[in-house]
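Treat the numbers as computed from the prediction; the structure is a model and nothing was measured. All ligand and atom numbering here is 1-based and tracks the order in the structure. Sequential numbering from 1 along the given sequence is applied to the chain's residues.
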Amino acid sequence: MNAPLTTIPAAQVTPERRVHILKQLERKLLWLSAWMIHNANHIRPNRDGLKVGGHQASCASSISILAALYFEIARPQDRIAVKPHAGPVFHAINYLFGRQTREKMAGLRQFGGAQPYPSRTKDGPEVDFSTGSVGLGVAMTSFSALMADYVRLHDLGRDDILQGRHIAIAGDAELDEGNIYEALLEGWKHDIRNLWWIVDYNRQSLDSVVPDRLFGRIEGLFRDMGWNVVTIKYGRKLQAAFAREGGSALRRWIDDCPNSLYSALTFQGGTAWRQTLLADLGRSKARAIIDELTDDELGALMTNLGGHDIETMIETLRAAEADGDQPTCFIAYTIKGMGLPFAGHKDNHAGLMTKEQMEQFRADLGIRPGHEWDPFEGLDASEEELRAFLRDCPFGTPLTPEGRRLTAPLVPVPAALPVPRLAGRKISTQGGFGEILAEIGRGQGALKELAAHIMTTSPDVTVSTNLGPWVNRRGIFDRHTRNDVFRDGKLASAQRWGMSPTGQHIELGIAEQNLFLLLGAAGLTPSMTGARVLPIGTVYDPFVNRGLDALIYACYQDARFLLVSTPSGLTLAPEGGQHQSVNTPLIGMAADRLASFEPAHVDELAILLRHAFEHMQGPDGSAVWLRLSTRALEQKDRALDAAAVIAGAHWVVPPAPGARIALGYQGPVAPEAEAAFAELQAEEAGVGLLAITSPDRLHADWLDAQRKRRAGDRRARSHVEALLAPMAPASALVTILDGHPATHAWLGAVRGQRVCPLGPDRFGQSGDIPDLYREYGLDTDAILDACAEALLSVQEPRT
Ligand SMILES: Cc1ncc(C[n+]2csc(CCOP(=O)(O)OP(=O)(O)O)c2C)c(N)n1
Ligand SMILES: [Mg+2]
């Protein structure tokens, strides 16, 4: 059930007065957004001569849409993504609500100030979704709507929060991004509800004016995907003019007017409008409508588009509200830069008003010098009345006493996960992952709660990444119960794919950006819904690249999820170069808020998987990435130091004090390293063998220790420094992984050791493992050659 659609304001305000006040608030938003940017560029001292920038025109375009939404329509339980370049308007809205400070506003685009584009992590709890990389914030709302349903249908959420709507204010150019259409398709499959996308249709992007007729196409696409499409083209003044004699000719003229001409006339103003209109309509009955207006009035009439008419906006949104929960796309016609001197100019995206223009604008709005930041300065309503209005509008009420950012109780993680029998077995990390998860999926005893909170997802690689047994146990999520036809027909299949609202796996089509957007949305459920969901997504490792921006976007927002990428590297030899990932370990190292690991053996994997469930929930945690393989390795019967595995490396055979060389391996190349180690041991005393489980954690910890030492903590020492300490200062390390060798090259900087890093640095090709390991220098011979060379340089240190 949705919440009541309207709340009756405590202070009774007539509809006319409401509109009057809303128009005052619009003026204020236009002023504050322009002023914040102006202040950042022209008033604040500039220390480095860099252009600060900002998007006054993009802000102006969206004022009425955002005002209608935040001051009238939105309810606290709604979750809203604001188009990146309207960030200052969003900050100004919060400022008027008393949820943003003047200092942050004045610090727009400054260190510690309000962010140019709304940021969950930096701007704080008022931001529901970060935006910035165009298209992603819009699509994200589709997945957050799905997750809201998931949480509700699994009864994981809070009872005291009403079901909300997920809303994106999109720039029209955002609809050029392919990820929008991937999300539309996926949304249709999942029968997404309670979703609104309001397009600020100013027909301009960064460089240009958008081609005409494009929207006809886009509108059709939305309808095909089951959306309701509502076009908000004309404001009240134009509608009234159209209703007069000659009005239909005027309407036809505007409908046929190319976007570029409309923009140019808007920029030129009333005189140009008159000239052009008279040339075309001078002999028609529309002439009477034109003649009775001054130039300014004519300009105002011709630019009276629906997206700038707050009454039309409110009416349309209200009507859609009453229409139910079907996803709805609103195409709100606007003018980029509306109300500012560069309105409609095609180059206005990054345009800034001059000091003189700003001065004029200030005077026009009745704002006294020195009162630029006063929230209610220059408005035709008392401060008291405006404050009461803001307090009483639906969004004026906080979502919960603790605000918009919620917390969820922790899900206990058992001291150890159920690990399959390993000793003497040959099994891959991917196989081990599938078995452990399937075991958790039984939900027995201490695992019951953990199992209930896990949600898995995969872009059409569920079975091939070994999620099948888990899915068989926990079912596929769907808002509607759908039977498994194969099963019902008693047709043999290892997969039982019944779908129901209680299923715990969300099956996606092959679109990796959707995977990461869903992981992002699922990873934010604790703060969005107060429900703890532990999302696990599987994907082929090379195709992490396909969704990379969405992955970074999810991490930027501090979403908490587990990414399992498998298979990886040359090791899936016959699949060929397009399937063999090389760069992903480096991505894992360079991605912030993503702890990345690559275990070689399943006992390590079990430790890391358990750690992931905790790390995803910890206040200082993050998302986690496990890079796995299908290469089956002989498993060991051993006791491991779990802390070392989590810290990123452990000695399989520790080096003797003063050792001249050690071998380090990461992931499924362990057997080659072990074989080389066995030969090396016969010739070189004290050699060590290091299992590297996370170059990412090792490196991050090493940087951290250096920072701490520089800050005065002389005793700070990182795990990798401690590990390498027994070796001779001029010793060598030969390292190997099935990924780019730069992943390990930095290890030489830890203690000044010589490092010979091995790993593929070229596209792969198909073959079998012996051929490919030889070709790319990962076989035992290559390792021994590298050891021989490294030892030479250790004997004769270069000067
Ligand atoms: C993925 C991505 N590519 C490029 C950009 C640079 N960029 C910022 S805004 C913009 C055009 C935005 O146009 P539109 O969405 O129509 O916004 P508006 O006209 O309302 O400013 C571009 C290309 C970006 N932010 N993200
Ligand atoms: Mg635009």
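If you number the atoms of ligand 1 from 1 as listed, the ones under 4.0 Å from a heavy atom of Asn202 come out as 18 (P), 19 (O), 20 (O). For ligand 1 and Glu174, the ligand atoms under 4.0 Å from any heavy atom of the residue are 15 (O). Atom numbering of ligand 1 starts at 1 in the shown order; those under 4.0 Å from a heavy atom of Ser133 are 1 (C), 26 (N). Atom numbering of ligand 1 starts at 1 in the shown order; those under 4.0 Å from a heavy atom of His349 are 9 (S), 21 (O). For ligand 1 and His85, the ligand atoms under 4.0 Å from any heavy atom of the residue are 8 (C), 9 (S).
For atom 5 (C) of ligand 1, the nearest protein heavy atom lies 4.0 Å or farther away.
Contact analysis puts Gln204 in contact with ligand 1, with a non-hydrogen atom separation below 4.0 angstrom. Residue contacts with ligand 1: Gly132 is included, with a non-hydrogen atom under 4.0 Å away.
In this structure, Ala623 and Ala559 approach most closely via the heavy-atom pair CB-O, 3.7 Å.
Among heteroatoms of the N, O or S kind in Asp172, OD1 lies nearest the Mg ion (ligand 2).
Applying the side-chain contact (heavy atoms from CB on, under 4.5 Å) criterion to Ala363, with sequence neighbours excluded, gives no partner residue.
Under 4.0 Å is where a charged nitrogen must lie from a carboxylate oxygen, and between Arg102 and Glu372 no such pair does. Salt bridge present: Arg251 and Asp255 bring a charged side-chain N and a carboxylate O closer than 4.0 Å.
If you run side-chain hydrogen bond (donor to acceptor under 3.5 Å, both in side chains) between Glu359 and each of Gln357, Lys355, Arg362, only Arg362 comes through.
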